Amino acid sequence: MGRIITVVSGKGGVGKSTVALNAAAAMAGHHKRKVVLVDLNLTTPHLAAMTGIGAKAKVLEDVVMGKAGLAEALSEHESGLKVLASSISPRKFSMAELGRIGPVLRELKKTHDDVIIDCGPGLGSEALLAMRYGDQLLYVATPTVPSLMDVIRCRKMVTNLGKQELGLVLNMAARGEAQLSAAQAAAMAEVPVLCTIPHDKAVPKSLAAEKATIYYDYYAPSSQEFLRLGAHLSGQPFTPKTRGFIARLASIIQGK
Ligand SMILES: Nc1ncnc2c1ncn2[C@@H]1O[C@H](COP(=O)(O)OP(=O)(O)O)[C@@H](O)[C@H]1O
Ligand SMILES: [Mg+2]
């Protein structure tokens, strides 16, 4: 039986989907874990677009409406990761359909080591649902006070739910900006900081290429931190790698 990790932040646009996709891809591709990434950002889902899953592919909505089997709706990522995307055309779930998500997740947990849930923005009913399904919570924030305040709000909401808190990922850290340090963020949110991902142009470039950043540019500074996170979540050691001469030359030629 696997575990469910919900990636949550409260604030939108801090990098939940980016972190969830890259961590999941690192766990599957580099640590050979059986991982499935589930888009529970039901109202504004992004994982299909981020991974190049076409509009005709079967998705979570098809499964809960009984229009597709679960196996049929799992798209394969180049890392070996499975992605259960959500429909790109907005649609409201009925209460009965929402209730069918739990059994889908339980089924996935039986057949995978890790079920990673990408959560929607805000702390409304949709995010709460995703947090309730998680056995473990992974917080994502930018190193700024408003973003960390949302993590504190999240933590308050889940205190009675008995969830294991894995820690905090600081994303879009920029040198020279008036941002909090990892130590300050950890002290403020009262959770350990697992990694600090720099603001990196490789991330939007990989998004445009419909690839996980670690598969777009393995040596990019953000990729190395995503890989650190993937190793940590897989219980494996990690040594960062830097571009050698040939890889540097290749990246200049490819304009990365
Ligand atoms: N480390 C980073 N460096 C640069 N851009 C980033 C980084 N992380 C995320 N982004 C960009 O920020 C935007 C929001 O990221 P996203 O993962 O969609 O956030 P969320 O899921 O929390 O709404 C996207 O355009 C993404 O490409
Ligand atoms: Mg998102």
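Numbers for residues simply follow the sequence, beginning at 1. A quick note: this is a predicted structure, and the numbers were derived from the prediction, not measured. We count ligands from 1, going down the list as the structure has it; atoms in each ligand are counted the same way.
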Check for a donor-acceptor pair, side chain of [X] on one end and backbone N or O of [Y] on the other, with a separation under 3.5 Å.
X	Y	answer
Lys11	Leu148	no
Asn41	Pro121	no
His112	Leu108	yes
Glu61	Ser86	no
Asn22	Ala212	no
Asp39	Pro45	no

TODO: Any atoms of ligand 1 less than 4.0 Å from a non-hydrogen atom of Pro204? List them with their elements.
DONE: 4 (C), 5 (N)
How far is [atom] from its nearest protein heavy atom, and which residue and atom name does that atom have?
atom	result
atom 4 (C) of ligand 1	Asp200 O, 3.3 Å
atom 18 (O) of ligand 1	Ser17 CB, 4.2 Å
atom 23 (O) of ligand 1	Gly13 N, 2.8 Å
atom 26 (C) of ligand 1	Thr18 OG1, 3.9 Å
atom 12 (O) of ligand 1	Met172 CE, 3.5 Å
atom 24 (C) of ligand 1	Leu207 CD2, 4.3 Å
atom 8 (N) of ligand 1	Asn171 ND2, 2.9 Å
atom 7 (C) of ligand 1	Val203 CG1, 3.5 Å

Open item on the list: Regarding Ser17, does it place an N, O or S atom less than 2.8 Å from the Mg ion (ligand 2)?
Closed with: yes
- [ ] Mark the output for Ser9 as yes if a heavy-atom distance to ligand 1 is under 4.0 Å, and as no if none is.
- [x] no
TODO: Decide whether the shortest distance between a heavy atom of His46 and an atom of ligand 1 is less than 4.0 Å.
DONE: no
Lys/Arg N to Asp/Glu carboxylate O, [X] vs [Y], below 4.0 Å:
X	Y	value
Lys109	Asp135	yes
Asp114	Lys34	no
Asp217	Lys201	no
Arg100	Glu97	no

Task: Validation row: Asn171, Val14 side chains within 4.5 angstrom (heavy atoms) - done: no
Does any N or O atom in [X] lie less than 3.5 angstrom from one in ligand 1, N or O only?
X	answer
Lys11	no
Ser222	no
Phe226	no
Gly15	yes

TODO: Determine whether the side chain, the backbone, both or neither of Pro198 has a heavy atom under 4.0 Å from any heavy atom of ligand 1.
DONE: backbone
- [ ] Check each heavy atom of Asp118 against ligand 1 and say whether those closer than 4.0 Å belong to the side chain, the backbone, both or neither.
- [x] neither
